[in-house]
Amino acid sequence: MAAEKGKKKRATLSSFTILLIILVVLAVITVIMSMSGVEGIQGATLSGVLTAPVAGFSDALPVCLFVMILGGFLGIITETGALDAGIAALVHKLKGNELVLIPILMFIFSIGGTTYGMCEETVPFYLLLAATMVAAGFDSLTGAAVVLLGAGCGVLGSTVNPFAVGVAVDAMRGIGYDPNQAIIIVLGCILWLTTLAISIVFVMRYAKKVKEDKGSTFLSLQEQQDMMNEWGMKESEVEGVEGDAVANAKMTGRQKASLVVFALTFVIMIVSFIPWTDLGVDFFNLGATSEEVTTTVTGEELTTTFDDANDGATVTTLATPVEATSVEEVQTSPAWSSFLTGVPLGGWYFDEASTWFLLMALIIGVIGGVSESRFVKAFINGAADMMSVVLIIALARSITVLMGQTGLDMWILNNAAAALNGMSAIIFAPLSFLLYVLLSFLIPSSSGMATVSIPIMGGLAQHLNFSVETMIMIYSAGNGLVNLFTPTSGAIMGGLALAKIEYTTWLKFGAKLFVVLGVVCLVILTAAMMILS
């Protein structure tokens, strides 16, 4: 009986429960603020709270569908046996040098983060890295940390990331100021490489401890059991790999070919998400041509369109006849790289990625010799395994939806900006950073945050004769830091679910690191604000 009580005390809340609690607490806060007469806040309604998860699912539908198809794709590669054999061969070749994987992979993920804001795209890698790290003698938490901290530190120190600094620079241009992007890139590199180095040392030290002593893991007993059930190698499998020749011999020709296609699938996915045109690379858009088409629009068509946009609530009439022209750019020939999805590489999003993974699942099934009945069963089972991840992503998005409906995010931003007006640089910079840390819990989207906040905070910095470039990096670092652990990020919650890790375990593991990274960012950015202003 005593033992049972002890187990209950050590039980942790699931990701679903944590997200539901956050949703309800924030809803109650908005109701209290609204009843207190706080201007700009609309209290959440019962219907708003109840429908928020559904609205979140609808809002996150493309990424949810992608995750389900990804599950089916992974189910097919697992059915071929190629993935298990490939990981076993890799671990054998690295025998004694497994730690070298950590800095290499984290650096690669960080490049994706700093250049194009790699975030949701990391979800598939949680499962792959968890399996690899467990096979290498570490734990699934090490695999999750490699992905999340690697890409996350890159996003934190964004240099040319169009979804972060790109949107922020454009927002400042919208209010008449053109930031110096060379300063932004230098500051971004300093933040990126500094935080990445700290994170690599942190993860490597943890991984080394776990390899030497399995009891050093942060995973609970249940998580360890789940990890071993999912990815644990049997002793016979480990002992069976006794040399490169033997390891290679265990892989059939079909399995080797399947692994090549498997790797190619992820390479194309990464290439397709990078906004090449924003980086000045037009290679994937070659062959695309377009022309302007001018259409005459009558006054009756204008009024009908206006009334339809108002759901028929208005009936608009014009006193005099009106005629206008509409100019639209129409594509006459597609880019060479758009033959597969209709969208060139560099312009893909989750619909295109879902199409790609579905196609490659079929190709791998054929190459791997998977029969029709086995294919259907493996694909459905793989997709089913992702349902918990899909629901977590939807629930995380529901919090953002509710905050947008109630106006709490903008209320905090506007009032904080007013409070910061007139402060010195040494106080303004750290308080601005803390403000972005707070706001990022409510608006995890980097582009969404830049759009609503930079015209206000960047404009305030310009008004006070402070460095606007530093303010942009304060936003990037604050938002990037929080996106290493915020429960409102579907990518984090979904990725951790794939790696069989509870959110509370991730917090315990990274709490000290997050504080250290926050202090380092705060010091660098405050110094930059004082030097550049």
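Numbers for residues simply follow the sequence, beginning at 1. Heavy atoms only: backbone and side chains are in, while hydrogens, waters and symmetry mates are out.
Ser216 contributes a side-chain N or O that, together with a main-chain N or O of Asp213, makes up a donor-acceptor pair within less than 3.5 Å. No donor-acceptor pair closer than 3.5 Å links the side chain of Ser34 to the backbone N or O of Thr30. Under a 3.5 Å cut-off, the side chain of Thr194 and the backbone N or O of Leu191 do not form any donor-acceptor pair. Between the side chain of Ser398 and the backbone N or O of Leu395 there is at least one donor-acceptor pair closer than 3.5 Å. Looking at Ser58, its side chain never comes within 3.5 Å of a backbone N or O of Val54 through a donor-acceptor pair. The backbone N or O of Ile501 lies less than 3.5 Å from no partner atom in the side chain of Thr505, so there is not a single donor-acceptor pair. With Lys214 contributing its side chain and Asp139 its backbone, the two residues share no donor-acceptor pair below 3.5 Å. The closest donor-acceptor contact from the side chain of Thr122 to the backbone of Met118 lies at 3.5 Å or more, if one exists at all. Not one N or O on the side chain of Asp170 forms a donor-acceptor pair closer than 3.5 Å with the backbone of Gly166. Distance alone, capped at 3.5 Å, places no donor-acceptor pair between the Glu352 side chain and the Thr341 backbone.
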**OP:** Take Phe73 and Thr265 through the side chain to side chain contact (heavy atoms under 4.5 Å, CB included) test and state the conclusion after the steps.
**Re:** CA-CA 10 Å; Phe73 169 83; Thr265 302; 3.9 Å; yes
Original post:
Can you list the steps and then say if Ile198 with Phe202 is a side chain to side chain contact (heavy atoms under 4.5 Å, CB included)?
Top reply: CA-CA 6 Å; Ile198 294 170; Phe202 179 84; 5.5 Å; no
Original post:
Hey, mind stepping through Trp231 and Met133 against side chain to side chain contact (heavy atoms under 4.5 Å, CB included) and telling me if it holds?
Top reply: CA-CA 9 Å; Trp231 304 295; Met133 291 302 167; over 6 Å; no
Original post:
When you look at Ile412 and Leu435, which way does the side chain to side chain contact (heavy atoms under 4.5 Å, CB included) test go after all the steps?
Top reply: CA-CA 9 Å; Ile412 294 174; Leu435 170 63; 4.2 Å; yes
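For residues 20-66, every residue pair satisfying the ring-ring contact (aromatic ring centres under 6.0 Å, His included) rule, not counting sequence neighbours, is listed here: Phe66-Phe350, Phe66-Phe357. Residue pairs meeting the salt bridge (charged side-chain N to carboxylate O under 4.0 Å, His left out) criterion with at least one partner in residues 54-70, sequence neighbours excluded, are Asp59-Arg397. For residues 71-80, the pairs satisfying salt bridge (charged side-chain N to carboxylate O under 4.0 Å, His left out) are Glu79-Arg374, with sequence neighbours left out.
Nearest heavy-atom pair, Thr159 versus Val165, reported as atom, atom and distance to 0.1 Å: O-CG2, 3.4 Å. The two residues Glu223 and Phe218 have their closest heavy-atom pair at OE1-O, 4.4 Å. The minimum heavy-atom distance between Ser258 and Ala82, with the atom names listed, is CB-CB, 4.0 Å. Of all non-hydrogen atoms in Ile32 and Ser36, the two that sit nearest each other are O-OG, 2.8 Å. Listed here is the closest heavy atom pair of Leu19 and Ala396: CD1-N, 3.9 Å. Nearest heavy atom pair, residue Leu74 against residue Thr78, reads O-OG1, 2.7 Å.
The side-chain hydrogen bond (donor to acceptor under 3.5 Å, both in side chains) check on Asn483 picks up Asn479, with sequence neighbours excluded.
Contact annotation: the side chain of Asp226 never approaches that of Leu219 to less than 4.5 Å [non-hydrogen atoms, C-beta and beyond]. Phe485 has its side chain out of reach of Phe509: every pair of non-hydrogen atoms, C-beta onward, lies at least 4.5 Å apart. Considering only heavy atoms from C-beta on, Val452 stays 4.5 Å or farther from Asp409 through its side chain. Asp385 places none of its side-chain heavy atoms less than 4.5 Å from the side chain of Met68. Residues Phe109 and Leu196 have side chains not in contact (no heavy-atom distance under 4.5 Å, counting atoms from C-beta outward). Contact annotation: the side chain of Trp348 approaches that of Trp356 to within less than 4.5 Å [non-hydrogen atoms, C-beta and beyond]. Here the side chains of Lys500 and Met227 are not in contact, with every heavy-atom distance at 4.5 Å or above. Counting heavy atoms from C-beta outward, Pro487 and Ile492 have side chains that stay 4.5 Å or more apart.
Looking at Ser453 and Tyr436, their side chains do bring a donor and an acceptor atom within 3.5 Å of each other. Using a 3.5 Å distance cut-off with no hydrogens or angles, the side chains of Thr217 and Tyr206 do pair a donor with an acceptor.
Going from atom CG of Leu141 over to atom CD of Gln224 covers 10.5 Å, rounded to the nearest 0.5 Å. Distance CE/Met386 to CG/Leu498: 4.5 Å, rounded to 0.5 Å. Annotation: the span from Phe433 atom CZ to Leu525 atom CG amounts to 6.5 Å, rounded to 0.5 Å. Separation of atoms CD1 (Ile392) and SG (Cys64) is listed at 11.0 Å; rounding is to 0.5 Å. The structure places CG of Leu402 at 5.5 Å from OG1 of Thr406, a figure rounded to the nearest 0.5 Å. How far CG of Leu50 is from OG1 of Thr45: 8.5 Å, rounded to the nearest 0.5 Å.
More than 12 heavy-atom neighbours from other residues, nucleotides or ligands sit within 6.0 angstrom of NZ on Lys211. Within a 6.0 Å sphere centred on NZ of Lys377, heavy atoms belonging to other residues, nucleotides or ligands number 12 at most. Atom CD of Gln405 sits in a crowded spot, with more than 12 heavy atoms from other residues, nucleotides or ligands closer than 6.0 Å.
The six-membered or imidazole ring of Phe266 lies near that of Phe125, with a centre-to-centre distance under 6.0 Å.
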With a 3.5 Å cut-off and sequence neighbours excluded, list the donor-acceptor pairs that the side chains of residues 98-107 form with protein atoms.
| from | atom 1 | to | atom 2 | distance (Å) |
| --- | --- | --- | --- | --- |
| Glu98 | OE1 | Gly96 | N | 3.2 |
| Glu98 | OE2 | Gly96 | N | 3.2 |

Contacts under 3.5 angstrom, residues 145-158 side chains, donor-acceptor by atom type, not counting sequence neighbours:
| from | atom 1 | to | atom 2 | distance (Å) |
| --- | --- | --- | --- | --- |
| Ser158 | OG | Val155 | O | 2.6 |
| Ser158 | OG | Asn161 | ND2 | 3.2 |

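The only member of Thr195, Ile190, Val437 that meets side chain to side chain contact (heavy atoms under 4.5 Å, CB included) when paired with Cys521 is Thr195.
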